[in-house]
> 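Before anything else, here's the structure in question.
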Amino acid sequence: MDFEFDEELLSVQQWAREFGQRACPRDYIRKLDDEAKFPYELYQKMADAGFTAIAAPEEYGGNGGGIMMQTLVCEELSYAMQGIAMSWFTTSCFGVQSVGAHGTEEQKKRLVPGICDGSVRFSISITEPGGGTDVLGHLRTHAEKVDGGWLVNGAKVWTTGADAATHLLLVARTSPIENGKKHHGVTAFLVPQDTPGIQMEPIRTIGLRAIDSFTMGYNDVFVADENVLGEPGQGWKVMTHTLNNERILTAAMCVGIAQAAYNDALAYAKEREAFGRPIGQNQSIANYLVDMLVGIEQARLLTYRAAWLQAQGKPCGPESTMATLVASKMVSSVADHGIQVLGGYGYSMDFDMQRYWRDTRQLRIGPISNEMAANYLASTMGLPKSY
């Protein structure tokens, strides 16, 4: 086993870390959280620096970076601020990967260079009201074939970053379920966000305030044939293509945020004094910090291993799911312990610890809930499938 990164990966890691330090000072990040507005200026700085081109093929203006490089970038951007990492992740993971793997040559030329320069941003519109993880079982949004394209009608929830997106990656049913195969007859569409008939209503949340989620309404939304991604009726293949990437990068996001929370807690424990000594000298506080550190390293190793397996072209479904499951639990625990270490200041909006907790609580729910992740892992152990 070799746990060292090569020079290219180390260089990318340092580059991402320095960008976060330079472009995301604490006062600025707190301002974004307070204002609850998408940071277009910061996103463009990220694009200008080359981050949105990381995963794109070189022939379309990208860097052709693999999953290991994406993992390190996601970890460092998340350390700086989860909201900006989430916007990068949505476009880079789903946008580039989905269009790159299933798009026509025309779609690639039209969209991928824009992703690289920051002018094209994606939001994923999949989850249905009442559906949650059971996406296919509750897929009610449907598209009817008309002359030159499709008419889409339905509703979605948790479409993150829809207001800032230029395009929505939307799935809809285009033919009825046959023989119980729910994944058949599902089509993926690349929908310009400003298409007539699209309605958006923000969902108020406790965290990720710099990138909102929305309830979406699709009312006779016309999507041209040129904006079908992949083959009609085969849209589920488009979505599952990115499944392992999504889980690996979600785990990397957890690791990056947890590292920020741990560093803050450790610095506070060294500086804050009570009863004539630093509070970190107390075993109860020190043990919190040790648990935080060990948990981060465990999750980081699982995440890197899953990324390495994917980079080698090896199966990594269970490993990427394990990484997400462990990392999402870990980051919640680290942020919670961090609040305890800071005491009353951990509960104060003037410190970042409460934001780490608010921003990361949802990672145990989505993009896959911990319960469904465990259900999937159980099925890989030979136990009867529960879903």
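Throughout, numbering of the chain's residues begins at 1 and tracks the sequence. Owing to the predicted nature of the structure, the values given are computational and were not obtained by experimental measurement.
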> Keeping the roles fixed (side chain from N375, backbone from S386), state whether a donor-acceptor pair exists under 3.5 Å.
no

> Hydrophobic clustering (ILVMFWY, side-chain heavy atoms < 4.5 Å, transitive) - are L363 and I203 grouped together?
no

> How about Y387: does its OH atom have over 12 heavy atoms from other parts shown lying under 6.0 Å from it?
yes

> Can you confirm whether E144 is buried at CD, in the sense that more than 12 heavy atoms of other residues, nucleotides or ligands lie under 6.0 Å from that atom?
no

> Which atom pair, heavy atoms only, marks the closest approach of P318 to L377?
O-CD2, 3.5 Å

> Atom CD of Q70 and atom CG of L72: how far apart are they, to the nearest 0.5 Å?
10.5 Å

> Between N219 and Q199, do the side chains contain an N or O donor and an N or O acceptor separated by less than 3.5 Å?
yes

> Compute the centroid of each ring, for Y304 and then for F5, and state whether the two points are separated by less than 6.0 Å.
yes

> When you measure from the side chain of S348 to the backbone N and O of G344, does any donor-acceptor pair fall under 3.5 Å?
no

> Please answer: with hydrophobic residues joined when any side-chain heavy atoms are less than 4.5 Å apart, are M239 and I368 in the same cluster?
no

> Aromatic rings H337 and Y288: how do their planes relate, parallel, tilted or perpendicular, breaks at 30° and 60°?
tilted

> Whether the side chain of N282 engages the backbone of S284 through a donor-acceptor N/O pair (distance < 3.5 Å, no angle test) should be reported.
no

> If hydrophobic clusters are built by linking Ile, Leu, Val, Met, Phe, Trp and Tyr wherever their side-chain heavy atoms come under 4.5 Å apart, do L293 and V290 end up in the same one?
no

> Identify the two heavy atoms, one from G154 and one from T141, that lie closest to each other, and give their separation to 0.1 Å.
CA-OG1, 3.6 Å

> Would you check if there is a donor-acceptor pair between the side chains of W150 and D225 at a distance under 3.5 Å?
yes

> Does any part of the side chain of K156, heavy atoms only, come nearer than 4.5 Å to the side chain of T127, both counted from C-beta?
no

> Please walk me through it: do V191 and H167 pass side chain to side chain contact (heavy atoms under 4.5 Å, CB included)?
CA-CA 5 Å; V191 186; H167 291 75; over 6 Å; no

> Where do G50 and N63 come nearest, in terms of heavy atoms and distance?
O-ND2, 3.7 Å

> Looking at side-chain heavy atoms only, is the closest gap between V255 and Y79 below 4.5 Å?
no

> Quick check: does any side chain N or O of R121 sit under 3.5 Å from a backbone N or O of G118, one acting as donor and the other as acceptor?
yes

> Less than 4.0 Å between a side-chain N and a carboxylate O, is that true for K237 and E231?
no

> In terms of the angle between their ring planes, are F19 and F51 parallel, tilted or perpendicular, with boundaries placed at 30° and 60°?
tilted

> I'd like to know if the side chain of S123 reaches the main chain of T160, judged simply by a donor and an acceptor atom lying under 3.5 Å from each other, with no hydrogens or angles considered.
yes

> Answer yes if L77 and V334 sit in the same cluster of Ile, Leu, Val, Met, Phe, Trp and Tyr residues linked by side chain heavy atoms under 4.5 Å apart, and no otherwise.
yes

> Hey, is the main chain of K329 close enough, under 3.5 Å, to the side chain of S333 for a donor-acceptor pair?
no

> Check the surroundings of atom CZ in R204: do more than 12 heavy atoms from other residues, nucleotides or ligands lie under 6.0 Å from it?
no

> Regarding E18 and R22, does a basic nitrogen lie under 4.0 Å from an acidic carboxylate oxygen?
no

> Only one of T174, N153, T187 forms a side-chain contact (heavy atoms from CB on, under 4.5 Å) with H142, so which one is it?
N153

> Could you walk me through whether K314 and W308 pass the side chain to side chain contact (heavy atoms under 4.5 Å, CB included) test, one step at a time?
CA-CA 9 Å; K314 298 176 182 292; W308 180 85; 4.1 Å; yes

> Specify the closest pair of heavy atoms between V73 and A16, including all atoms of both residues, with the distance to one decimal.
CA-CB, 4.4 Å

> Taking only residues two or more places apart in sequence, or in another chain, which ones meet E371 in a salt bridge (Lys or Arg N to Asp or Glu O under 4.0 Å)?
none

> Can you name the salt bridge (Lys or Arg N to Asp or Glu O under 4.0 Å) partners of R110, sequence neighbours left out?
E106

> What heavy-atom pair brings A307 and I67 nearest, and what distance separates the two atoms?
O-CG2, 3.3 Å

> Side chain to side chain contact (heavy atoms under 4.5 Å, CB included), that's the test. Do N370 and S328 meet it? Break it down for me.
CA-CA 8 Å; N370 283 2; S328 62; 2.9 Å; yes

> In Å, rounded to the nearest 0.5 Å, how long is the span from CZ of R26 to CD of Q21?
11.0 Å

> A quick test of your reading: do over 12 heavy atoms of other residues, nucleotides or ligands sit less than 6.0 Å from OH of Y345?
no

> Quick one: does F189's side chain get under 4.5 Å of V171's, heavy atoms only?
no

> Under a 4.0 Å threshold between the charged nitrogen and the carboxylate oxygen, would D352 count as salt-bridged to R355?
yes

> Would you call M69 and Q13 a side-chain contact if the rule is heavy atoms closer than 4.5 Å?
no

> Can a donor-acceptor pair be found, under 3.5 Å and without considering hydrogens, that links the side chain of S92 to the backbone of F89?
no

> Distance-only, no hydrogens or angles: does the T91 side chain make a donor-acceptor pair with backbone N or O of W88 under 3.5 Å?
no

> Does K145, at its NZ atom, have more than 12 non-hydrogen atoms belonging to other residues, nucleotides or ligands within less than 6.0 Å?
yes

> Quick check: do L42 and M46 have side-chain heavy atoms less than 4.5 Å from each other?
no

> Under 3.5 Å, is there a donor-acceptor pair between the side chain of S87 and the main chain of I84?
yes

> Is I126 close to W158 at the side-chain level, that is, under 4.5 Å between some pair of heavy atoms?
no

> Hey, quick one: are Y376 and L325 part of the same hydrophobic cluster, counting side-chain heavy atoms closer than 4.5 Å, chains of contacts allowed?
yes

> Does Q312 CD have over 12 foreign heavy atoms under 6.0 Å away?
yes

> Can you tell me if CD on E105 sees more than 12 non-hydrogen neighbours from other groups inside 6.0 Å?
yes

> Answer yes or no: is there an ion pair linking R358 with D33, defined by an N-O contact shorter than 4.0 Å?
yes

> Is there side-chain contact between L32 and K37, with heavy atoms separated by less than 4.5 Å?
no

> Taking S125 for the side chain and L169 for the main chain, is one N or O donor matched with an acceptor at less than 3.5 Å?
no

> Around atom OH of Y28, are there more than 12 heavy atoms from other residues, nucleotides or ligands closer than 6.0 Å?
yes

> Measure the shortest side-chain to side-chain distance between L168 and I198 over non-hydrogen atoms and say whether it is less than 4.5 angstrom.
yes

> Supply the atom-to-atom distance Q310 CD to M68 CE, rounded to the nearest 0.5 angstrom.
11.5 Å

> What's the shortest heavy-atom distance between A56 and C116, and which atoms?
CB-SG, 3.5 Å

> Tell me, please, which residues at least two apart from R17 pass salt bridge (Lys or Arg N to Asp or Glu O under 4.0 Å).
E76

> Go through V99 and K108 one step at a time and tell me if the side chain to side chain contact (heavy atoms under 4.5 Å, CB included) criterion holds.
CA-CA 6 Å; V99 174; K108 294 175 185 178; 4.2 Å; yes

> Do the side-chain N and O atoms of Q340 and D336 include a donor-acceptor pair separated by under 3.5 angstrom?
no

